[in-house]
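This report concerns only the one structure given below.
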Amino acid sequence: MGAGLQSPGYGCKQWRFLEPRSPNSRVTVTDPNSVRRLLPAAPPRLMAQNREGEESPYAVSSPSGATLSVRWVQGFPKQNVHFVTEDTICYPSGNYVIFINIETKTKTVLQCINGIVGVVATNIPYEVVAFSDRKLKPNIYIYNFPGLTRRTKLKGNILLDYTLLTFSYCGTYLASYSSLPEFELALWNWESNVILCKKSQPGLDVSQLSFNPMNWRQLCLSSPSTVNVWTIERSNQEHYIKARSVKLPLEDGTFVNETDVLFPHSLPKDLIYGPVLPLSAIAGLVGEEAETFRPKDDLYPLLHPTVHCWTPSSDLYVGCEEGHLLMINGETLKVTVLQKIEDMTQSEPHHISPVSLVYQKDGVFASGIEGSVYSFIIKDSSYKVETFLETEGPVEHMLFSPSYKMLLIQTDKGSVCIYTFDEKPTLEKVLDACDGKFQAIDFITPGTKYFMTVTHSGEVCIWWMEDCICESRIYLNTPTTALACSPSSHSAVVGTVDGYVYFLDVQEVDSPGVIHKAFLSKSAVQHLIFDQRGIFLFVGSSEGNIFIMNANPSSSFEILGFVEVSKDILQISTVSLLEVDVVQVLVLSSLPEAEKSRLELFTVPKILPTVSESFTDERGKLKEELIHLYLYEMEHTLSSAVLDFQSNQIYGFCNQAPYVCSYLLPEKQEDTKVCILKPHQKVQSKHYGTGMLYLSWHGLWLITIAKCGILCIRDIYTLETFARCQSHSHQAHGIQSMRISMDGQSILVNGKDDGTLVYLKWKRTGGIYGDESIDYFQKLLTFLSKTIAEENYYLNSPRVSLDLGHDFKYSIDSSQEELATEESKKEIPWIQWKSQEAVEKEIKMFSQKRKEIRRGIKELAKTVLNMMEENEKLDNIAKLEQQEFGLDLEELERLHEESEEEVAKIRKDVEMHNLAKGYLTEVIKEECWNAMAVKGRALKCFHIPYVVENFPMKERSSEELKELKTVLQQKKIEAECLKLRKEISEVQSAVSLVKKRHEEDDEEEEDEDKIIRDSNLPNYLLGSLSTDFGVDTSLLSSQLELHSREEKINQITLLKDIIYKVKTAFNNEFDAAYKQKEFEITRVTERNVRIREIISDLELEETVWQPEFEDCEKPERTFVVEDHEITAQKHVSPWQKAKTELISPHETERWLHSQGLDVRNRALMDMMGGVLEVKKEDILKMVIPQPAFMIKPDALWTEEERKQFKEYEKKVKELNEERDKYRKSLETELKKLQNSIQESTQSFDELLKKLFERRVKAEMVVNQEELKINNLVFSLLLEEELTSREIFLNNYLVRKQQEKNQTSEAIRKSREELDAFKEHYDNLMAEDKVLDRSFKKEFSEIPSHQVDLLYKLFKRRPRIHKQKAHSEAASSTPFGERPGSGKLNKDTFAHLMKAMDELDNINNMPEGLDPSVWDHFCATRRAKVENEHKVKQKAAGLVEMMAFLQKRVEDDEHVQREIEKVFHELLL
């Protein structure tokens, strides 16, 4: 018998509870003989049997016949919840689709065997549910409900995934949308299992897809950027789908007028620059992208739709992210922005961004992210917002029931509430979701009634196993990591990310509570495991410490010590047999660097709680020699390892190979030596991905789980699988953890990423396999019963108190001193507290030594202070730095290194900054200076503010010169060809040739005269002023004769050459003027030398005018930095400073020595002013010395002295005359020099003025030629744009012609089908008339009065009354009566035939009529009714086909108009 999920197709399971549950029930075991009564009964009868006979591909055959089955599945919706019927909802969770009956809360499960369920959709009239899988090339499966038998399997061409599914409200239509890479919308007939039509929209990620409830021919697809309405057209069996895009408003709700990008008739016409073309032609686009091209400046941010819903009038309401509500007409797609009526009581406007939107009679219900349901009451083009309902969290989805009597509200966490519209509205929570996926699970001892779960956020739940109903919840409000339930008491432990361990009392399942909290370390708790007898609790942390705690509440969960192991702990397993006094512990950790795994095995004695102090050191670490720690390594990596109950063998799950191996432990081994283990037994795991191993409680089953989502149960001795189950999918990374109950009858499997918890039960345990497990369970429960009773009694004792004021710290039988100790250790990890305690002991032990050391330090500090005081009294040169007194040499070295690093960093930053600046400088210099053949410079006048600049010019490249040479050569060839053609054409005859020559001579003379006359014309009439600069323009073509593209390009090349020559000519004139200014400045400088001498001789205070070149005239000076420009002080390195100080005394001494040797020069300077003869220029400085006797009074002078005085006066007079005469000559010379300088500089200024005018004229010439170039370039661009437009129009015309062919073919085909259908319809009508006319002939053998009576009965038709319940439901729904569907037509015809059976009853036979005639009459009448029904159907189909043909004709006419537009523009 195959083991696995035996289910209809995809594992459909439904469970019904056979016994009432007791909410206040407690798990107690008093009588070991009552163990059998605690075992669960056989699984209840599954409602959905295997109707299709499909066997699971994951089943494993075994001789024992052991089979696992899914008892229930617990998961919370991550996608939208759907109504299947009025009282049943469904949603996907992992591999399953879960159905919940709202009234009875009964659950049914449908399993997808191919992996995770993708998207789900339901069809209420047909009572079917559709879902997709998420494998490569996914399929869509459609199942009946409640039978859960597969109706059909839809296979498309999608590669990756379906993202949206929706059924039409009437008809057998299913719409699907796929994501990357197809982005395909497909319309299915799910009953026929065919795709009717499909269309791809590359790159469009659709968020919502819905049919129009009133018209199945309309579909709406909305995404965050677009809203598209698709129209479905049908002609007999052919279907076509066509999209129309809604033009959304701007973000502020306004609209923008958009012009036609293909044929913009509103563009202005420019009479000068030619036609104004569309932007696509300007951009050079010629393909399909030109049809939708818009420049960036023309793109405006539009509204972002979030959700939409249909109305009974086939309009759409669309909610936007910006808070606007739009109404879109379903036919014209006209958008109306509804105006919100603000509440005057609110101070600020409240914007609601709808997440979900459902239609009601007066408007819509909308939900936002703030956790409220709003009612939008819409009237005309405005709406009013009212708060309808407050919820516990943000509402993610809303949905009305089929009768619109209930509103389903789904929160973002997955909770589902039902709001019932009644006289007294009620809000009932159907599904109360947990806060996140399950982080860990475990059974509450003995594991037959209750189990626990914990989420990452710290929500702990207790569940009843029979129907997975949550009994109670408790919130720890801290991130959690692990959970374990004690086998020896009704307590549980939860580990947290912060390093705390919370202990919970779970005796009362409806009111659990925290009874103790231990702070072990600051690292996260990763593993929690009790040994099989519940003696110890082993706590593994991320730091690589395993804490051993007493598992009994009576011991206050005492921490006994810890063991240090490797950091990356993967698994902890224990072996605690009933008859053994020790507990074996195996720890698996990884060595990622060596790509190996390490196993550490140690033994914990049962008496450890009583002798813990002797087994641990001062810091709480267990002594390795006492726990017998052994180290093992594998040469390959393991993801899991467990120790068998004989403690002589280890089972491992290989990480990089699909094998399960066993390893024999050596009998003798040294404690400190690492032993390498080799595989003893090797079996293929038949899993893929990393996995985990678990041992059952009796140790005979090895359970393996992996990323593939498969759970296997193996025999411990042979490692062969005897039971297997696919509970989860590899697409959600498989199974995270599993737990098996003590009796081995129940298995909980927790998914890793899908958030699904699966409960597995044994259908058949396979004989001896189940008996061994139950026998061990009885033995274990008998052994633990006394301990459980004692510990539970202790938990019930009033001495256990809850202290909420001390962070959930509890104490059992603790004194006031212990409470004070606990308070002092608050928020300090136990391992840190033990370290502090050890430090305190060491302090007490070495207190005397510490005192001596402190005394020595004080004396040393006093000595250093004295040395520092003495240092302050010394001279600066002898004084030490403050840091030199630091005794911590390592600290000094560290500070020095830090300062050096900081200096190096700053130096590097400065160097990089300078390097960047230097690079930028070089780039600018290379671009603007080095690359210039003619450097840009200016020339200024001496006296007037005129500045003339030259033309900076780059050297022409070899490509430009080559192109110019080619153009010139071509022009010359053209001129020669023209001349030769002219000569050849003028040769007519030999006789007339002579005459022609005479005439040509005369014409040449006239041409010469004309050339002379034309040369006298102004240059501006010749089209260019470049001839003024000596540039030849004879090769230029006339501007009116440039037609081809090549001619224009050649003209541009010649114009560029003319510009280059004009600039070169002007630059030559500029260089001449520049040299002239240099000469003038040199001459002025020479004359200023004499002027300065004269001013000095005349002792005048005049300043000498010295002209100089400015920086703009000599720009190369910018690259030279003068010394006076540097404001910063020059950095002198220490070695340069020392060198200067060493050399300066020698330099001074050498100078003094040289001065002492030059006696002759000193004597000449002192006696004669440094010259040997008196020059003429020195007359003004000459002074005649007074005679010595002039000091005496005149009366005392002698006669000789008086003669000497007269001679003195005569000399003085002569000297003064000479001085006056010389001064006048100097003044005359000074004025002459100044006038000469003035005249020469002014003449240069006049020259520069003329050069300035020349510069203006040159610039005018350059601008003229550049204008010609720009005009030619514009004409080339215009030609390119016209060419691009023409190519685009031709391509567009080809596409439209192809489309025209398609539309014409569609019209032809539609007409042929219409004609054939009409012919068939006419035949049916003829048959109907024949049946009517031939009635009396059929019954001509009976009397005429009976024939008339039968004819009246022949014309009689039964009346079909609508069901009252149906009409009431239709009146309660806002959509009312919906259009008829195929199913409704079939049902109506079936009711008609049933009514015909009543009319055909023998009781309705007229009296006196033969029964055989009555039977013939009934058959004839039934044939007539069936034919009439066919005629009605054909008539409806005929109308539909005629409408389809009209649509095709309209499309054809539209394409024809587009073609005519293209032809019209091409002709123009």
Side-chain angles (χ1 to χ4, degrees), residues 5 11 13-15 17 40 43 68-79 90-100 105 107-112 115-117 413-416 431-444 447-473 480-485 492 494 506 509 692 694 703 705-711 725-741 745-761:
L5 290 176
K13 298 289 181 287
Q14 180 178 1
W15 55 88
F17 310 114
L68 287 170
S69 65
V70 175
R71 171 69 176 172
W72 48 252
V73 176
Q74 180 64 286
F76 303 105
K78 297 180 181 179
Q79 301 181 26
C90 71
Y91 61 89
S93 178
N95 292 19
Y96 307 89
V97 179
I98 301 177
F99 300 85
I100 301 178
K105 304 299 185 295
K107 293 185 179 180
T108 309
V109 171
L110 178 65
Q111 184 178 8
C112 175
I116 288 183
V117 176
K413 291 183 179 180
S415 298
V416 178
L431 189 62
D432 192 3
C434 294
D435 188 13
K437 65 179 183 179
F438 298 128
Q439 188 76 12
I441 53 175
D442 203 358
F443 289 98
I444 298 178
T448 56
K449 285 190 177 181
Y450 299 99
F451 69 94
M452 296 180 66
T453 62
V454 64
T455 63
H456 180 72
S457 61
E459 180 183 5
V460 182
C461 300
I462 299 179
W463 307 79
W464 189 37
M465 282 175 53
E466 190 66 21
D467 58 0
C468 194
I469 292 179
C470 183
E471 297 288 347
S472 59
R473 300 171 187 260
T480 58
T481 56
L483 166 71
C485 293
V494 178
V506 294
V509 293
M692 294 290 291
Y694 298 89
I703 306 170
I705 60 174
K707 275 189 176 182
C708 58
I710 300 174
L711 179 141
C725 180
Q726 172 85 21
S727 60
H728 294 79
S729 171
H730 69 91
Q731 296 155 340
H733 299 96
I735 303 172
Q736 178 176 345
S737 60
M738 62 77 58
R739 290 292 183 270
I740 186 169
S741 60
Q745 303 302 306
S746 302
I747 300 175
L748 286 174
V749 186
N750 183 27
K752 186 171 181 62
D753 290 340
D754 57 7
T756 305
L757 180 64
V758 180
Y759 177 38
L760 302 177
K761 293 281 289 183

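Taking CD1 of I462 as the start and CD1 of I469 as the end, the distance is 14.5 Å to the nearest 0.5 Å. The CD atom of Q439 sits 6.5 Å away from the NE2 atom of H456 when rounded to the nearest 0.5 Å. T108 OG1 to F99 CZ: the interatomic distance, rounded to the nearest 0.5 Å, is 7.5 Å. With rounding to the nearest 0.5 angstrom, the OG atom of S69 is 8.5 Å from the NZ atom of K761. Atoms OG and CG, on S741 and D442 in that order, are 10.5 Å from each other to the nearest 0.5 Å. Expressed to the nearest 0.5 Å, how far CD of Q74 lies from CG of L431 amounts to 6.5 Å.
No donor-acceptor pair under 3.5 Å is formed between the side chain of T756 and the backbone N or O of G75. Although no hydrogens or angles enter the test, the distance criterion places no donor-acceptor pair under 3.5 Å between the side chain of H728 and the main chain of N95. Judged purely by atom type and a 3.5 angstrom limit, Q111 uses its side chain to pair as donor or acceptor with the backbone of Q726.
Across every non-hydrogen atom of S737 and I441, the tightest pair is OG-CG1, 4.1 Å. Pairing each heavy atom of V70 with each of Y96, the nearest pair is CG2-OH, 4.3 Å. C725 and L760 get closest at one heavy-atom pair: SG-CD2, 3.8 Å.
When side chains are defined from C-beta on, Y91 does not count as touching V416, because their heavy atoms never get closer than 4.5 Å. Proximity of V506 to V509: side-chain heavy atoms (C-beta onward) are nowhere separated by under 4.5 Å. Using a 4.5 Å cut-off on side-chain heavy atoms (C-beta onward), D467 and W72 make no contact. The side-chain heavy atoms of I98 and V73, taken from C-beta on, include a pair separated by under 4.5 Å. In this structure, R739 and I747 have side chains that are not in contact, with every pair of non-hydrogen atoms separated by 4.5 Å or more. Proximity of I703 to L711: side-chain heavy atoms (C-beta onward) are separated by under 4.5 Å at one or more points. Side-chain contact check for N750 versus I735: every heavy-atom pair is 4.5 Å or farther apart. Side-chain contact check for T480 versus T455: every heavy-atom pair is 4.5 Å or farther apart.
Partners of K413 by salt bridge (Lys or Arg N to Asp or Glu O under 4.0 Å), not counting sequence neighbours, listed by chain and number: D435.
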- Task: List the steps, then state whether side chain to side chain contact (heavy atoms under 4.5 Å, CB included) holds for M452 with C485.
- Result: CA-CA 8 Å; M452 296 180 66; C485 293; 3.6 Å; yes
- Message: Quick one, V460 with T453, criterion side chain to side chain contact (heavy atoms under 4.5 Å, CB included). Give me CA distance, side-chain angles, the key distance, then yes/no.
- Response: CA-CA 6 Å; V460 182; T453 62; over 6 Å; no
- Message: I'd like to know whether Y694 forms a side chain to side chain contact (heavy atoms under 4.5 Å, CB included) with M738, so could you lay out the CA-CA distance, the side-chain angles of the two residues, the decisive distance to 0.1 Å, and finally the verdict.
- Response: CA-CA 8 Å; Y694 298 89; M738 62 77 58; 3.5 Å; yes
- Task: Would you please test F76 and C434 for side chain to side chain contact (heavy atoms under 4.5 Å, CB included) and show each step?
- Result: CA-CA 8 Å; F76 303 105; C434 294; 3.9 Å; yes
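Remark: K437 engages D753 in a salt bridge, criterion side-chain N to carboxylate O under 4.0 Å. In this structure, R473 pairs ionically with D432, as a charged nitrogen and a carboxylate oxygen lie closer than 4.0 Å.
By the 30° and 60° cut-offs, the orientation of the rings of W463 relative to F451 is parallel.
For the residue pair Q731/S729, the side-chain donor-acceptor check at 3.5 Å is satisfied. Residues Y759 and S746 have side chains that bring a donor and an acceptor to within less than 3.5 angstrom of each other.
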